[in-house]
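A short worksheet on the structure shown next.
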Amino acid sequence: MWRPDIDALAFQLDEHSASCMVHRRAFRTLLGFDPAPADCLRHFCEHEHAFRSAATAKIAHKELPPGTNLHLTSRDIARKLLSSPVTGYGES
C-alpha cells in the first residue's frame with residue numbers, strides 16, 4: 001500500500017511481524033525517473049520477490065529482532081534485482 005504521510009510504499013513482512021517501507025526516492029533511483037505512487041506500486045508488484053528477498057537479507061544482516069520495522073534503500077533492492085533470474089517481457 002502507498003503511505004502518503006511518508007511518501008513511501010509499505011508492505012507487511014508476516015514472517016517478521018513487521019512492516020517494510022521503501023521511499024519514493026529509492027524508486028526514483030531504481031526507475032530512472034521521478035515516479036508517481038502508481039509507478040512505485042506497479043514496480044513493486046512486478047518485482048515483489050526481489051523486494052521481499054531484500055527485506056529478508058537486511059533483517060538477517062542487521063540481526064533485527066521480530067517486530068522491528070525497516071526501510072529498504074535502492075541499493076538493497078538493486079542487489080536482489082541483479083541476482084534474480086530475469087523474467088517478464090513475455091516469459092514465465
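Residues take their numbers from the sequence shown, with the count starting at 1. On a predicted model such as this, the values are computed, not experimentally measured, just so you know. Atoms considered below: every heavy atom in the structure, side chains included; atoms not considered: hydrogens, waters and symmetry mates.
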Connected via hydrophobic side-chain network under 4.5 Å: Leu31 and Phe11: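 Yes, Leu31 connects to Phe11 through the hydrophobic network.
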
Co-membership, hydrophobic cluster, residues Phe33 and Ile77, 4.5 Å side-chain: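 Yes, because Phe33 and Ile77 connect within a single hydrophobic cluster, where side-chain heavy atoms sit under 4.5 Å apart.
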
Worked check of side chain to side chain contact (heavy atoms under 4.5 Å, CB included) between Leu9 and Arg3: CA-CA 6 Å; Leu9 171 124; Arg3 295 261 320 260; over 6 Å; no

Closest non-hydrogen atom pair between Ser19 and Gln12, with its separation: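 In terms of heavy atoms, the two residues are closest at OG-OE1, 2.5 Å.
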
Nearest heavy atoms of His71 and Lys58, plus distance in Å: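 Heavy atoms of His71 and Lys58 come nearest at O-NZ, 2.9 Å.
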
Single hit among Leu41, Asp39, Val22 for side chain to side chain contact (heavy atoms under 4.5 Å, CB included) with Phe27: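 Exactly one option meets the side chain to side chain contact (heavy atoms under 4.5 Å, CB included) with Phe27, and it is Val22.
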
Non-hydrogen side-chain atoms of Asp7 and Arg25 separated by less than 4.5 Å: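 Sidechains of Arg25 and Asp7: no contact.
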
Sub-4.5 Å side-chain heavy-atom contact between Cys20 and Leu72: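 A side-chain contact exists here, since the closest heavy-atom pair is under 4.5 Å.
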
Pairwise distance [atom1]([X]) to [atom2]([Y]) - rounded to 0.5 angstrom:
X: His47; Y: Lys80; atom1: NE2; atom2: NZ; value: 15.5 Å
X: Asp76; Y: Leu81; atom1: CG; atom2: CG; value: 11.0 Å
X: Leu13; Y: Ile59; atom1: CG; atom2: CD1; value: 5.0 Å
X: His23; Y: Ile6; atom1: NE2; atom2: CD1; value: 7.5 Å

Any donor-acceptor pair under 3.5 Å from Ser53 side chain to His49 backbone: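 Side chain of Ser53 to backbone of His49: no pair is present.
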
Residues Arg24, Asp34: salt bridge by 4.0 Å N-O rule: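 Salt bridge present between Arg24 and Asp34.
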
By side-chain hydrogen bond (donor to acceptor under 3.5 Å, both in side chains) - contacts of Asp14 (at least two apart):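 With neighbours one apart ignored, the set is empty.
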
Please tabulate, for side-chain N and O atoms in residues 60-67, each donor-acceptor pair with protein atoms closer than 3.5 Å (sequence neighbours left out).
none

